[in-house]
Asks: 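Questions regarding the structure given below will be posed in turn.
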Amino acid sequence: MSRDLLRTPLYDLHLSLGARMVPFAGYDMPVQYKAGVMAEHLHTRTAAGLFDVSHMGQVTLRARSGRIADAALALERLVPADILALKPWRQRYALLTDAQGGILDDLMVSRLGDEALLLVVNAACKDADLAHLTAALDGDCVVEALPERALIALQGPLAGAALARLAPATAEMRFMDVAECDVAGVACVVSRSGYTGEDGFELGMASGAAVRVAEALLAQEGVAPVGLGARDSLRLEAGLCLYGSDIDRTTTPIEAGLDWSIQKSRRDGGARAGGFPGAESVLAQLRDGAPRRRVGIAVEGRAPVRGGAQLFADAQGAVPVGRVTSGAFGPTVGAPVAMGYVAAGYEATGTALFAELRGKFLPARVAALPFTAPGFRR
């Protein structure tokens with residue numbers, strides 16, 4: 001392990017649980033535990049998996065005016081989402097865009113009552129995001145990074161029951177609700193959300209209390225530790241984008257199929273249409289269509305195709321139409337699953353494709369996303 005890698009507050013706990021650690025986004029993180037990736041994936045789909053996501057960035061925005069609406073309107077200058085309409089103690093997915101409409105990062109935005117907005121951003125992007133937010137919003141908002149905060153995700157159909165034993169009030173929460181709760185004697189900010197397609201929660205707390213919360217959750221019936229390997233296959237089956245693989249500055253929200261993250265108020269004719277970086281090109285693609293689209297891809301056989309594999313319209317590889325961005329074997333699906341971009345005209349579900357794998361062209365087809373039905377509690 002490099003001495004330069006950072007450690008989360010749960011590092012020693014990971015080692016004690018038998019985790020295999022790997023470098024990820026500058027951190028030494030657990031890729032799997034003794035059970036292995038396949039077992040951890042299936043456990044999360046049928047019970048509850050505990051994930052350490054403390055490497056993610058957490059940032060608060062507070063308007064200098066003291067009005068939460070001013071913080072929301074300021075953030076809307078950087079994202080296409082409707083932040084002003086976000087109700088107290090609710091959460092929303094958003095995208096930071098650049099002047100060309102490319103995606104700088106994807107993030108979750110929570111409104112903490114009338115006090116502040118809490119942003120959770122990707123680990124690999126958090127320094128750049130903080131600089132971007134500060135440069136753009138400093139005149140209107142206090143932008144504060146929270147490196148002393150840890151973040152734990154509890155995901156799966158038994159997550160609700162497990163957390164409710166420690167924090168009964170969480171039983172009443174619905175998908176994308178946010179609350180302040182005491183969990184095992186620790187003050188936490190809890191959201192009913194996650195990135196596996198399952199019902200579940202993310203819990204933010206002071207770093208020094210993270211082990212106590214993690215151990216209390218792991219002591220609950222049906223809860224087991226899960227590493228980055230299963231986290232990736234879970235989010236892929238759920239059709240969720242991984243920043244740096246499925247979305248980046250070369251992809252727009254419309255190409256990525258994330259149109260739903262742009263609410264009516266930010267679109268043409270809306271109360272606050274546009275006004276975010278790249279709005280002209282993004283709104284034009286909303287009106288006229290994008291030159292390519294992210295799609296699900298089902299590959300015949302058992303061999304998964306990985307990110308970077310080329311996609312063709314013919315079995316001879318003469319007509320290139322796109323590229324795979326994420327691919328793996330889907331333990332729940334029981335077959336290879338992938339996502340990627342195809343040229344306009346090839347995005348309809350069922351469209352025949354061929355994926356190149358070591359010089360061979362495997363039959364594939366465009367598949368509807370997600371590959372597994374979501375378990376969110378709405």
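Positions are given from 1 along the sequence.
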Asks: Heavy-atom distance under 4.5 Å between the side chains of Ser193 and Phe201, does that happen here?
Replies: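 Not in contact.
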Asks: Can you name the closest pair of heavy atoms from Leu228 and Met29 and give their distance?
Replies: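 That closest heavy-atom pairing would be CD1-CB, 3.5 Å.
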Asks: Using only heavy-atom distances, determine whether the side chains of Arg294 and Thr325 contain a donor-acceptor pair under 3.5 Å.
Replies: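 No - no donor-acceptor pair under 3.5 Å links their side chains.
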Asks: Looking at Glu148, is its backbone amide N or carbonyl O close enough to the side chain of Ser207 to form a donor-acceptor pair, meaning the two atoms are under 3.5 Å apart?
Replies: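 At least one qualifying donor-acceptor pair exists.
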Asks: Considering non-hydrogen atoms only, spot the tightest contact between Leu84 and Glu76 and give its length.
Replies: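 Closest approach of Leu84 to Glu76: N-OE2, 2.9 Å.
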Asks: Taking all non-hydrogen atoms of both residues into account, name the closest pair between Ser265 and Asp82 and its distance.
Replies: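 Closest approach of Ser265 to Asp82: OG-OD2, 2.8 Å.
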Asks: Do Arg287 and Asp268 sit within salt-bridge range, that is, some charged N less than 4.0 Å from a carboxylate O?
Replies: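 Looking at Asp268 together with Arg287, the answer is yes, because their closest N to O distance falls below 4.0 Å.
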Asks: Does some side-chain heavy atom of Glu202 sit less than 4.5 Å from a side-chain heavy atom of Val190?
Replies: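 Answer no - side chains too far apart.
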Asks: Evaluate the side-chain proximity of Ile152 to Leu50: yes if any heavy-atom separation is below 4.5 Å, no if none is.
Replies: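 The answer is yes, as the side chains (C-beta and beyond) meet within the 4.5 Å cut-off.
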Asks: Looking at Arg192 and Asp199, is any side-chain nitrogen of the basic one under 4.0 Å from a carboxylate oxygen of the acidic one?
Replies: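 A salt bridge links Asp199 with Arg192.
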Asks: Tell me who clusters with Leu133, hydrophobic residues only, linked when side chains sit under 4.5 Å apart either directly or through other members.
Replies: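 Same cluster as Leu133: Val59, Leu61, Ile68, Leu75, Leu78, Val79, Ile83, Leu86, Leu96, Leu104, Leu107, Val109, Leu117, Leu119, Val121, Leu130, Leu137, Val143.
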Asks: Only pairs at least two apart or in different chains count here, so list each side chain to side chain donor-acceptor pair (under 3.5 Å) that has a residue in residues 215-230.
Replies: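 Side chain to side chain donor-acceptor pair (under 3.5 Å) check on residues 215-230 returns Arg165-Gln220.
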Asks: Looking at side-chain heavy atoms only, is the closest gap between Tyr27 and Arg7 below 4.5 Å?
Replies: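 Tyr27 vs Arg7: side chains apart.
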Asks: Using side-chain heavy atoms (C-beta onward) and a distance below 4.5 Å, is Arg235 in contact with Asp232?
Replies: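 Yes, at least one pair of side-chain atoms sits under 4.5 Å.
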Asks: Check whether more than 12 heavy atoms from other residues, nucleotides or ligands sit under 6.0 Å from atom CZ of Arg358, and answer yes or no.
Replies: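 Not buried by this count: 12 neighbours or fewer within 6.0 Å.
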Asks: Consider only side-chain N and O atoms of Gln285 and Thr252, and report whether a donor and an acceptor are under 3.5 Å apart.
Replies: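 Result is yes, a qualifying pair exists.
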Asks: Would you find a donor on one side and an acceptor on the other, under 3.5 Å apart, between the side chain of Glu237 and the backbone of Val333?
Replies: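 Present.
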Asks: Quick one, Tyr346 and Leu311 - any side-chain contact, counting heavy atoms below 4.5 Å?
Replies: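 They are not in contact (no side-chain heavy atoms under 4.5 Å apart), so the answer is no.
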